[in-house]
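This chain uses plain numbering: 1 for the first residue, then up along the sequence. The basis for the numbers below is simple: all heavy atoms, side chains too, and nothing from hydrogens, waters or symmetry mates. Please read all numbers here as calculations on a predicted model, not as lab measurements.
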Amino acid sequence: MEHNLPKTLIEAVQYFSDNDNCVAFVKEHFWPDGEVCCLRCGSLGVTPVKGRPQFRCKDCKYDFSVKVGTIFEKSPLPLSKWLPALWLMSATKNGISSHELSRSLGVTQKTAWFMSHRIREVMRTGSFKKLTGIVEADETFIGGKDKNRHANKKKHIQGHGDTTIVLGMIERGGRPVAAVVDSVKAKDLLPAIYKHVDSSATLYTDGLNSYRTLRADYQTGTVNHEKGEYVRGEVHTNTIENFWSLLKRGIKGTHIHVSPFHLDRYIDDQAFRYEHRKTNDFGRFDLSVSQAQGKRLTWNQLTGKAAKALRA
């Protein structure tokens with residue numbers, strides 16, 4: 001790969017304005033050894049199609065481009081718009097709204113919204129590796145405030161006015177994992193903790209009663225926030241609280257409103273940037289491109305229409 005790759009946003013826009021650069025960059029990530037194989041039959045007998053950014057398999061006669069099987073598939077937009085969009089979303093600390101992305105790329109807001117969610121699909125790691133070492137777990141509430149609701153619609157969830165509950169776990173010095181849960185009861189919180197936190201880990205939480213039974217399976221430590229205790233030696237949940245602060249700042253300051261149906265995707269977006277916060281902008285962008293293959297997301301899947309069709 002060339003050594004004059006972009007290091008800043010303006011360099012990225014200039015570099016990827018050339019479609020040949022775009023195709024070469026994506027191709028290098030999907031076929032790093034230079035051997036392009038057919039996406040249908042796996043044959044190595046593949047040749048470029050003259051005059052078009054496509055390949056043709058000599059064995060099964062299948063024509064395909066670097067977009068096939070990726071988040072770019074069946075998008076009418078060129079890679080010269082997709083790659084700067086990936087750069088913007090992986091580099092901006094508090095995220096970027098679909099309206100801002102629309103203005104930056106010169107596309108409609110609806111198109112930018114669809115693009116941004118396809119890019120968030122790339123940022124979803126899906127790692128099966130469990131969190132180890134010192135792990136902090138905490139729950140938070142995201143959404144509208146109870147004080148702004150009519151009396152008959154107030155939720156009164158354990159003193160919190162927010163509507164959507166999110167459980168988060170973070171490995172100190174490592175990656176965060178967070179997801180929407182139905183309640184703060186043990187039956188909803190504990191399965192997620194057992195799924196993502198290794199039994200060898202030391203687990204720190206606040207004083208919520210739902211966490212008490214974890215003592216039988218983990219070495220634990222607790223801080224009682226209700227009594228004004230936030231740090232006791234190395235026992236605290238400040239790391240996950242910092243992640244919540246960044247997440248909420250992005251939602252309230254950038255996206256303004258996020259529906260509960262799509263909240264998990266915005267959490268993945270923030271988790272990706274947080275996990276790779278010590279990497280430079282090009283490094284996060286480069287990683288996101290390398291994860292674009294095999295993660296196609298259709299409009300019906302994104303909006304839930306595909307699931308509704310299956311239930312019908």
For this session: Report yes or no: do D206 and T237 form a side-chain donor-acceptor pair below 3.5 Å?
Result: no
Exercise. With the 4.5 Å side-chain cut-off for hydrophobic clustering, are V177 and I165 part of the same group?
Worked result: yes
For this session: Indicate, with yes or no, if V180 and V258 share a hydrophobic cluster defined by side-chain heavy-atom contacts under 4.5 Å among Ile, Leu, Val, Met, Phe, Trp and Tyr.
Result: yes
Problem set entry | Close side-chain approach of L167 and I193, heavy atoms under 4.5 Å | yes
For this session: Check step by step if side chain to side chain donor-acceptor pair (under 3.5 Å) holds for S65 and Q54.
Result: CA-CA 4 Å; S65 72; Q54 287 185 311; 5.2 Å; no
Exercise. Quick one: are the ring centres of H225 and Y230 less than 6.0 Å apart?
Worked result: yes
Problem set entry | Ring-face cation of R118 near F114 (centre distance under 6.0 Å, axis angle within 45°) | yes
Problem set entry | Heavy-atom side-chain proximity of S116 to M89 below 4.5 angstrom | yes
Problem set entry | Aromatic centroids of H276 and F285 separated by under 6.0 Å | no
For this session: Return yes when atom CD of Q219 has more than 12 non-hydrogen atoms of other residues, nucleotides or ligands closer than 6.0 Å, and no otherwise.
Result: no
Exercise. Do the side chains of L247 and Y274 get nearer than 4.5 Å, heavy atoms only?
Worked result: no
Problem set entry | Residues, nucleotides or ligands: over 12 heavy atoms within 6.0 Å of I256 CD1 | yes
Problem set entry | Path from V197 to I134 over hydrophobic side-chain contacts below 4.5 Å | no
Exercise. Name the one of L83, L5, I10 that satisfies side-chain contact (heavy atoms from CB on, under 4.5 Å) with Y15?
Worked result: L5
Exercise. Are V166 and F141 side-chain neighbours, meaning at least one heavy-atom pair lies under 4.5 Å?
Worked result: no
For this session: Under the side-chain contact (heavy atoms from CB on, under 4.5 Å) rule, what do K27 and F55 come out as? Steps first, then yes or no, please.
Result: CA-CA 11 Å; K27 177 184 171 184; F55 304 97; 4.2 Å; yes
For this session: Tell me whether the guanidinium CZ or amine NZ of R120 lies under 6.0 angstrom from the six-membered ring centre of Y266 and within 45° of its axis.
Result: yes
Seminar exercise, completed: One should read off an interatomic distance between I240 CD1 and T205 OG1, to the nearest 0.5 angstrom, of 12.0 Å
Exercise. Within a strict 4.5 Å, meaning less than it, do heavy atoms of the L208 and E139 side chains meet?
Worked result: yes
Problem set entry | Residue pair W299, H117: steps toward the ring-ring contact (aromatic ring centres under 6.0 Å, His included) verdict | CA-CA 10 Å; W299 178 264; H117 279 295; 9.3 Å; no
Exercise. In the single-linkage hydrophobic clustering (I, L, V, M, F, W, Y; side-chain heavy atoms under 4.5 Å), do V66 and V49 co-cluster?
Worked result: no
For this session: Go through the steps for E136 and T239 under the test side chain to side chain donor-acceptor pair (under 3.5 Å), then give the verdict.
Result: CA-CA 7 Å; E136 300 173 22; T239 313; 2.7 Å; yes
Exercise. Got a second to check how far H99's NE2 is from S104's OG, nearest 0.5 Å?
Worked result: 13.0 Å
For this session: State the CD1-OG1 distance between I251 and T254, to the nearest 0.5 angstrom.
Result: 9.5 Å
For this session: Starting at OG1 of T220, measure out to CG of L214 and round the result to the nearest 0.5 Å.
Result: 7.5 Å
Problem set entry | D63 and R56: CA distance, side-chain angles, deciding distance, salt bridge (Lys or Arg N to Asp or Glu O under 4.0 Å) verdict | CA-CA 4 Å; D63 287 353; R56 175 168 295 161; 2.7 Å; yes
For this session: Determine, using ring centers only, whether H236 and Y204 are less than 6.0 Å apart.
Result: no
Problem set entry | Y194 with L189, same ILVMFWY side-chain cluster at under 4.5 Å | yes
Exercise. Given the rule in the side chain to side chain donor-acceptor pair (under 3.5 Å) test, do S200 and D198 qualify, once you have shown the distances and angles that lead to the verdict?
Worked result: CA-CA 5 Å; S200 66; D198 191 81; 2.5 Å; yes
Problem set entry | Least distance between heavy atoms, V46 atom then C38 atom | CG2-N, 3.6 Å
Exercise. Can you tell me if S98 and Q109 form a side-chain donor-acceptor pair at under 3.5 Å?
Worked result: yes
For this session: Please test T70 against K295 for side-chain contact (heavy atoms from CB on, under 4.5 Å), starting from the C-alpha separation and ending with a verdict.
Result: CA-CA 5 Å; T70 72; K295 291 189 176 180; over 6 Å; no
For this session: To the nearest 0.5 Å, tell me how far F243 CZ sits from K248 NZ.
Result: 11.5 Å
For this session: Would you mind telling me which of R296, R265, Q301 makes a side chain to side chain donor-acceptor pair (under 3.5 Å) with E121?
Result: R265
For this session: Would you sort out whether D281 and W87 count as a side chain to side chain donor-acceptor pair (under 3.5 Å), showing the intermediate values?
Result: CA-CA 7 Å; D281 290 349; W87 187 290; 4.6 Å; no
Exercise. Hey, do the aromatic rings of H29 and F25 have their centres closer than 6.0 Å?
Worked result: yes
Problem set entry | Distance, nearest 0.5 Å, that separates CG of L86 from OG of S288 | 4.5 Å
